[in-house]
Amino acid sequence: MPASIRTPALVLLLLVAAAGLCWLLWPHSPDQPYWDRALLAPLSNWTHPLGTDAIGRDLLARVVLATAMSIAIGLCAGALAAIIGLLVGAAAGYLGGFVDELLMRAVDVLLALPLLLIAILLLAFFEPSLWVLMLLVGAFGALDVARTMRVEARRVASQEFVLAAQLQGHNSPYILTRHVVPNLRPALLTGISVIVPQAILVESFLAFLGLSPSERIGSLGSLLAEGVQDMAYAPWMLVVPALAMGTVLLCFGLIGDRLRDARRAARGDEA
Amino acid sequence: MSLYVDELSVRSGARRLAGPVSFELAQGETLALVGASGSGKSLTARALLGLLPPGLDAQGTVAWRGAKLDSEADFRRWRGAQLAYVFQDAASNLHPLKRLATQLHECSIVHRPALSRAARYEAIGAALAAVRLDRSLLQRYPHELSGGQRQRALLALTLLPEPTVLIADEPTSALDATLAGETLDLLFAEVRRRGMALLLITHDATAADRCDRTLRLDAGAPTSLPIRRPRALQREEVAIESRRLSVVHRKRWWRQEAAVLERVDFNVHRGERVGVHGESGSGKSTLAMALLGLKPIVAGDVRWFGLAIHELPARALRRLRPRVQMVFQDPYRSLNPVQRIDALLDEARGCAYRSSRDATSWLMAVGLEVDMAQRYPSQLSGGQRQRLALARALATEPEVLICDEATSALDAANEARIVALIDQLAEERELSLLLISHSAAVSAALCDRVVRMAGGRVV
């Protein structure tokens with residue numbers, strides 16, 4: 001791991017660890033209402049350091065768990081995007097020709113569809129489920145990843161070490177997995193680091209519209225939606241999840257930027 | 001005696017880039033440092049003044065008036081003031097945003113702070129007069145001067161502190177012949193007049209002849225290639241051949257384009273070594289690719305050991321592939337950057353149809369060090385990479401080796417070593433060799449016969 005991404009990665013890890021600890025050790029459950037302690041301001045009561053919401057649920061528990069939920073949604077969608085994007089992109093870029101045309105035109109067609117509109121329609125017509133949402137966001141992320149992976153795979157495949165492997169009598173799947181894909185790793189990491197925050201944002205947006213399955217825990221998006229309703233008399237309910245959201249997005253953004261820088265520097269050295 | 005240099009060499013890690021070189025330069029003496037490009041002339045000169053780029057180290061002794069120079073403080077004391085350096089490219093060594101007057105003035109203040117105002121102006125005037133620049137040019141910026149004027153302005157700047165040794169690194173190579181002659185005349189006149197010592201780095205023989213002595217730097221290895229005596233073939237068996245082979249270039253899968261090869265008949269017998277010559281674009285590399293079955297052909301056929309490869313099932317062809325190998329031109333693209341060297345050689349060995357030596361002995365066979373097995377290709381130099389590429393090609397125990405300009409990305413010394421290596425290994429394993437090269441010397445050193453190509457045909 002490059003030294004420069006250590007700090008944001010550590011912050012994200014701490015946030016996830018906090019959620020685990022909160023789940024195990026914190027006396028308040030995120031969905032336990034205390035009717036007698038509704039709308040406590042932060043720091044006014046030591047049993048609820050970040051205050052409570054309109055029906056007296058502990059905000060600390062809710063924010064910490066929702067943050068972890070958002071990160072998990074982002075990472076799952078990112079992983080999905082990476083797997084599909086890598087397969088499609090590497091195959092199109094390395095095999096070229098007809099396969100390339102077919103796969104890439106399909107990607108173009110899908111990219112022409114508006115993601116949010118489709119998501120809203122799907123979630124409005126069907127039972128909103130976290131899995132459907134993740135699949136959708138991941139699949140759309142995969143389109144972007146596939147395009148960058150294709151370009152990268154073409155660059156790698158144009159280098160003579162791939163020809164050398166062909167000359168040794170290896171078949172395409174072997175060359176793809178042993179020679180092309182390992183060289184795509186830096187680009188793939190950069191690609192994922194763009195998809196993850198994007199997925200978090202899309203999910204939050206849908207949750208904000210009330211379309212996300214905000215089940216027991218909910219994500220930061222659903223907390224923000226509630227916070228907006230009570231903004232006039234309980235601003236902390238908006239500010240706290242907004243800060244958490246900002247931190248998460250900033251951390252992923254920093255990781256992405258620094259991975260990109262590292263990759264650019266590495267390529268500069270090569271040349 | 002003024003400048004004394006003993007066994008000075010420049011290294012990057014364990015690799016020697018220049019030298020070792022030893023010489024003495026007395027007051028009033030002129031010495032030319034000549035050598036092929038890449039022989040380390042400029043690095044040696046920079047090492048003399050402690051101006052090596054980061055990552056390079058100098059070894060050996062540099063002494064100035066009996067005192068050894070080894071710390072940056074020593075160098076700073078004399079650099080510019082007594083030991084002056086004229087750079088090759090005046091345009092990038094003058095400050096682009098300062099007028100000539102300002103630059104000369106600054107230089108004078110730094111090196112001769114004690115001068116009075118009037119004396120300073122006089123010194124600047126004298127330096128300009130010495131290089132025959134008009135005073136009216138003082139108010140100009142470097143980009144407003146011609147190339148010759150810039151070079152003379154740089155010389156004036158160098159002479160201003162009244163140094164006793166002048167090190168001039170190709171001071172005229174950026175100028176045209178007339179200007180170069182004039183500038184050299186000026187340089188020598190000024191050196192004589194002031195009784196300075198001059199170290200002139202040049203690749204120009206006439207300039208070197210004007211110096212009292214000449215010192216030749218060489219990269220150490222023989223740079224001229226031997227000439228191979230053609231042999232009679234022992235076996236008439238054909239290893240690889242093409243019959244009326246035609247290849248067209250297609251940019252997109254639905255479009256057909258220009259013919260690259262037209263009805264090419266070509267063969268290499270077992271144990272024979274054939275060179276292919278031709279201008280760029282004559283289809284040499286395409287021929288290699290088509291012979292390897294890596295380029296779709298539109299007519300004719302390619303046979304390996306008598307088998308038409310385009311009629312073979314894919315699996316059978318893949319099994320046959322290790323017997324025909326290739327060394328590519330660019331060793332920076334032909335080695336997978338994320339594959340460790342031992343893995344790379346093991347992969348090739350694993351494809352051999354008969355058992356091959358282990359990775360370590362392959363490294364030794366091509367003259368690489370055994371401990372390199374744990375490294376990645378990026379940690380190797382260009383010449384080392386090409387050796388590794390050769391080892392990879394040979395590790396599959398091929399019978400035919402195709403080299404596509406395998407030495408043209410290398411400098412002369414490395415080229416000679418790789419050619420010798422190919423020669424030796426091909427002899428040992430009775431390889432059939434197909435050598436694509438634009439260098440007549442390389443094919444003369446390696447080949448039994450040479451085929452010439454032009455416009456996609458063998459002529």
Side-chain angles (χ1 to χ4, degrees), chain A residues 2 86 90-105 149-150 152-190 259 262-271, chain B residues 250-254 285 288-289 291-296 314-340 343-353 377-379 385 388-390 392-393 395-398 400-402 404 406:
Chain A
L86 181 66
Y94 173 65
L95 297 174
F98 183 68
V99 180
D100 182 28
E101 291 292 336
L102 196 72
L103 288 173
M104 283 303 118
R105 292 302 78 81
M149 284 304 107
R150 171 180 170 265
E152 229 8 56
R154 280 183 76 116
R155 187 183 69 79
V156 172
S158 75
Q159 298 192 31
E160 281 97 12
F161 65 82
V162 171
L163 282 185
Q166 283 177 14
L167 287 182
Q168 289 173 0
H170 298 300
N171 56 19
S172 293
Y174 177 92
I175 296 172
L176 253 177
T177 49
R178 298 295 291 275
H179 288 283
V180 179
V181 170
N183 278 295
L184 299 179
R185 209 187 54 165
L188 184 65
L189 281 177
T190 324
L259 283 178
R263 189 168 140 230
R264 207 170 283 157
R267 212 190 280 176
D269 287 348
E270 244 173 59
Chain B
R250 290 200 267 185
K251 271 211 167 123
R252 287 279 184 160
W253 55 272
W254 65 80
S285 294
M289 286 293 144
L291 285 174
L292 286 165
L294 292 177
K295 194 117 196 154
R315 285 182 69 122
L317 176 60
R318 282 208 301 272
R319 266 207 301 279
L320 207 56
R321 281 208 177 282
R323 297 168 67 178
V324 181
Q325 287 293 300
M326 175 153 174
V327 179
F328 298 91
Q329 174 172 10
D330 182 355
Y332 288 86
R333 292 162 56 87
S334 63
L335 300 170
N336 186 346
V338 300
Q339 198 175 25
R340 225 168 66 172
L344 183 147
L345 288 172
D346 281 336
E347 185 184 45
R349 254 159 34 79
C351 303
Y353 70 100
S378 60
Q379 290 161 292
R385 282 171 187 239
L388 183 60
L390 184 61
R392 175 183 58 191
T396 69
E397 297 290 341
V400 180
L401 184 68
I402 300 182
D404 185 2

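Keep in mind that the numbers below use all heavy atoms, side chains included, and drop hydrogens, waters and symmetry copies. By convention in this document, chain letters (A, B, ...) are assigned in the order of the sequence lines, proteins followed by strands, and residues within each chain are numbered from 1.
- Checking side-chain atoms of B:R392 against main-chain N and O of B:S334 turns up a donor-acceptor pair under 3.5 Å.
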- Query: Passes side-chain contact (heavy atoms from CB on, under 4.5 Å), B:L344 versus B:L388? Steps please.
  - Reply: CA-CA 9 Å; B:L344 183 147; B:L388 183 60; 4.2 Å; yes
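- Within 6.0 Å of the CZ atom in A:R154, the count of heavy atoms belonging to other residues, nucleotides or ligands does not exceed 12.
- If you tally non-hydrogen atom pairs under 4.5 Å between each of B:L317, B:V338, B:N336 and chain A, the highest count goes to B:N336.
- Neither the backbone nor the side chain of B:V327 has a heavy atom closer than 4.5 Å to any heavy atom of chain A.
- Using a 4.5 Å cut-off between heavy atoms, B:L294 contacts chain A through its side chain alone, with no backbone atom that close.
- Dense packing is recorded around CZ of B:R318, with more than 12 heavy atoms of other residues, nucleotides or ligands lying under 6.0 Å away.
- Heavy atoms of B:T396 lying under 4.5 Å from chain A belong exclusively to its side chain.
- Here A:E160 is the residue among A:Q166, A:E160, A:R185, A:R178 with the most heavy-atom pairs under 4.5 Å with chain B.
- Within the 3.5 Å criterion, the main-chain N or O of A:S158 finds a donor-acceptor partner in the side chain of B:R333.
- Both the backbone and the side chain of B:E347 come within less than 4.5 Å of a heavy atom of chain A.
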